[in-house]
Each structure stands twice: as structure tokens, then as C-alpha cells.
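Below: one structure, written as C-alpha cells.
A quick note: this is a predicted structure, and the numbers were derived from the prediction, not measured. For reference, positions follow the sequence shown, starting with 1.
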Amino acid sequence: MVVDGVWLAIVNPAIKWSLRHSQTVRLVVLGRTRAVDYRLHLEKSKFRAISQRLIHVHSTVIYLIICSSTRRHKTQNNMSNQKPYHTKATGKAAVTVADHSTESPLKLYGSCFCPFVQRVWIALEAKKIPYQYIEVDPYEKPQSLLEVNPRGLVPALRHDDWGCYESTVLMEYLEDLKTSTPLLPDDPKTRAHCRLWSDHINRHVVPGFYRLLQEQNPEKQVEHATELRNAFETLVKAAHPEGPFFVGPHISFVDVQVAPWLIRLRRVMKPYRGWPDAENGTRWAAWVNAVESNEHVQATTSTDALYLESYARYAGNTLLCPIGWPGKRAIC
């Protein structure tokens, strides 16, 4: 099925829409345990009443998918073939790159759009460890990086004559240096708790993010959206009840592990897959807002346009477009 996303929103309490006079639409109600699929052929004038009834019954998120023509599909294919990638950070991240461009024994090889790089980058900033940032062009990998990681993948660290890679391993290495503010707590049990939920992020949140973003089949998109929502919900339930961060008032290891994907929900997943904003007053919103406003996260984050353009190659041609998420959020 070819999908043409149409933006709609709940606006206190009126529903605004942009439909042709008559459309065959598919409403997918994303519930807590299953997705309910409605296929309807209706006049624009009837859509408001039907959508409001579904909102009242399900009190959950509703997605609208509208079938489009083959001509539209070809146009979108042509657009998706243009796959830009960025080799320079923008916004506050560009300032941070400039501040860390001088020679240093500790070097971070990275790419400005890579979330795995941002993990290590946030940790370096939070710990205030002196380092040199080296931007890597994916198609022109320097020999100095290949000496650290023969596959040429980032992030990678070179510390004097020693090098290593893999984001979680690198974050653990920075912890083991014991030269600055720790991201893991002192208590062994709490440290184990953080490692356990960092593993959850790597096993469920990260793969779920890319499954949803790369999926081109609308039915499977709904399935993957549910899985990702559940992965975040499980993580929130394991967090400190007041937070706003995972283990309390200060950013820590788990927050840094998940931060790059939290900030990409609004910048990437919302425009490409209709991911809803966190509802004010929820524990989820408190965590997202705390991460978004953290100075170290901001210092390593580029402008929205960089992420939107960089992830176009993954998102492809389809869009899940939210009508709204009334009532209680699925992520509490």
C-alpha cells in the first residue's frame, strides 16, 4: 500500500483536517494491547463524528492512513532517492566541535548525526574530560580511525596509543578513568540496576526505534510503534518515581544511554512516523523535558534540520500521521 500522510490535530476540542471530498481511509487505533483496524469510506463531513466517537471509546492514539496514487508514489520515490548526509555539526553542537578541535591525547571519532556517537559525546561533556572531536566522513574514513576500528565505524576513542569502540564500552571506559564526575552511582546495587536498564535500552529501545523508522508496511509500522512504546513504558516504570532523570535529580548513565533516541523522537520519529509528544504532567514528559534541557545534551545536539535530512534515507516513503492522543497517555 502507498501511504500519503495527512496532518490532523485535536484543537480544543475541534478537529481540523485536510481531506478530499471523498476518501477511503484507514483508521488504526493503537491500544495498549492491540491495534484495532477500521477501513472506512466516508464523506469529509462525516469524518469528524466518527473520529470523535472512536476517541471516546478507545481513549488512546488514533492514526490516519490515506491511500494515494501511483503517481504520488513515484514522486516520493524520486525524493527519497536523494539521501543527504551531513559531515558538519550545526547549532550548539557546532560550537562544541569548535571548542574541542585542538590536539588532545583523548580523541573522539564521530559523526554529527549518529546517536551512538552522541552517547559518548554527552558523557565526555558531562564529565568535563578534555578531548578532541574528529568528524568522520562515512565515505572517507581516516587511517587513524581504521587503526582503532578496522571496520571504520564510529564512535571510536583513541587515548594516547590505545583505542577502542562500541558506545557502551566507551562509556564504561570513561567511568573507569575515575578522573571526573561519575555517571554510575556508588552503591553496587544501584550500579547493577543502571547496567540492567542500559541493557534494556540496547536490546529493545534502540532496535525498536530503527524497526519503526525503516518499516515501509503500514500494518507493521503499527506493530513496531506498539513495541517501541512498550519498551519506553517499561523503562519509565523502572525509573525513579520523581526523577526527573532515571535515578533521581541528576543525569546519569542510563539517561545518557537513551538520550540520543529521546531527542530524536521529536526531531525524527514525529515528522516521519507521527510519534506523539509526551503529555504534560506525566513521568514520561518530565524525563523527556529533563533530557532535552540538559546542557550536555544540548551541547552535542545539532539543529532539527540536520536530523530530519539525515534520517530521510531510513524513513523511506511512508508516514504514520497522528490524529491525536486524547485521554491518558500510553506512556505514563
Side-chain angles (χ1 to χ4, degrees), residues 91-93 96 114-129 155 167-206 208-209 228-270 275-302 307 328-332:
K92 292 183 179 180
T96 305
C114 176
F116 298 98
V117 169
Q118 191 173 14
R119 276 179 167 174
V120 184
W121 203 3
I122 294 170
L124 285 166
E125 286 292 308
K127 289 174 166 294
K128 296 180 169 55
I129 299 175
S167 61
T168 300
V169 175
L170 298 180
M171 286 183 60
E172 292 273 8
Y173 173 70
L174 296 177
E175 284 292 298
D176 291 342
L177 291 178
K178 300 185 185 301
T179 58
S180 56
T181 304
L183 290 172
L184 283 169
D186 293 332
D187 174 59
K189 294 178 182 178
T190 310
R191 291 168 73 91
H193 178 72
C194 290
R195 288 190 172 104
L196 176 67
W197 290 103
S198 293
D199 183 69
H200 171 83
I201 293 166
N202 289 326
R203 288 176 181 269
H204 301 287
V205 172
V206 174
F209 182 95
L228 182 58
R229 181 204 60 197
N230 291 341
F232 278 125
E233 188 176 45
T234 301
L235 190 60
V236 170
K237 289 178 179 178
H240 188 281
E242 295 180 3
F245 292 101
F246 186 76
V247 295
H250 304 294
I251 194 168
S252 64
F253 197 90
V254 176
D255 305 296
V256 176
Q257 283 270 296
V258 77
W261 287 273
L262 287 190
I263 69 165
R264 283 162 176 76
L265 291 177
R266 179 179 65 80
R267 293 164 176 82
V268 176
M269 202 61 81
K270 181 178 179 178
W275 189 267
D277 293 330
E279 182 179 341
N280 292 334
T282 62
R283 179 65 181 88
W284 170 241
W287 194 11
V288 171
N289 293 337
V291 168
E292 285 271 8
S293 60
N294 179 264
E295 61 177 314
H296 310 305
V297 175
Q298 291 184 351
T300 60
T301 301
S302 290
Y307 300 107
K328 184 179 179 181
R329 295 278 183 173
I331 301 180
C332 53

Find out whether [X] and [Y] are in side-chain contact, i.e. whether some heavy atom of one side chain is under 4.5 Å from a heavy atom of the other.
X      : Y      : answer
Lys127 : Leu177 : no
Val247 : Val254 : no
Ser252 : Pro185 : no
Thr282 : Val236 : no
Thr301 : Arg267 : yes
Thr234 : His204 : no

Main chain of [Y], side chain of [X]: is a donor-acceptor contact present, judged purely on distance under 3.5 Å?
X      : Y      : answer
Gln298 : Lys92  : no
Thr96  : Ala299 : yes
His200 : Ala231 : yes
Arg283 : Pro244 : yes
Arg119 : Val256 : no
Asn289 : Ala286 : no
Glu175 : Leu184 : yes

Once the angle between the rings of His193 and Phe246 is folded into 0 to 90°, is it parallel (under 30°), tilted (30 to 60°) or perpendicular (over 60°)?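 His193 vs Phe246 ring planes: parallel.
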Mind telling me whether Trp284 and Trp287 have parallel, tilted or perpendicular rings, with 30° and 60° as the class edges?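 It falls in the perpendicular class, over 60°.
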Below 4.0 angstrom, N of the basic side chain to O of the carboxylate: do Asp277 and Lys270 qualify?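 Judged by the 4.0 Å cut-off on N to carboxylate O distance, Asp277 and Lys270 do form a salt bridge.
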Looking only at non-hydrogen atoms, find the nearest pair between [X] and [Y] and report the distance.
X      : Y      : answer
Ile122 : Thr300 : CG1-OG1, 3.3 Å
Thr181 : Ala126 : CB-O, 4.4 Å
Pro260 : Pro115 : CG-O, 3.2 Å
His240 : Phe245 : CB-O, 4.2 Å

Worked verdict on Val297 versus Leu262 for side chain to side chain contact (heavy atoms under 4.5 Å, CB included): CA-CA 11 Å; Val297 175; Leu262 287 190; over 6 Å; no
Return the [atom1] to [atom2] distance between [X] and [Y], rounded to the nearest 0.5 Å.
X      : Y      : atom1 : atom2 : answer
His296 : Leu183 : NE2   : CG    : 9.0 Å
Arg191 : Asp186 : CZ    : CG    : 7.0 Å
Glu172 : Leu170 : CD    : CG    : 10.5 Å
Leu235 : Asn230 : CG    : CG    : 12.5 Å
Arg195 : Thr190 : CZ    : OG1   : 11.5 Å
Asn294 : Ile263 : CG    : CD1   : 11.0 Å

Identify the residue among Phe116, Trp275, Phe232 that makes a ring-ring contact (aromatic ring centres under 6.0 Å, His included) with Trp261.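 Among the candidates, only Phe116 passes.
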Checking side chain to side chain contact (heavy atoms under 4.5 Å, CB included) for the pair Leu174/Val120: CA distance, chi angles, key distance, verdict? CA-CA 9 Å; Leu174 296 177; Val120 184; 4.2 Å; yes
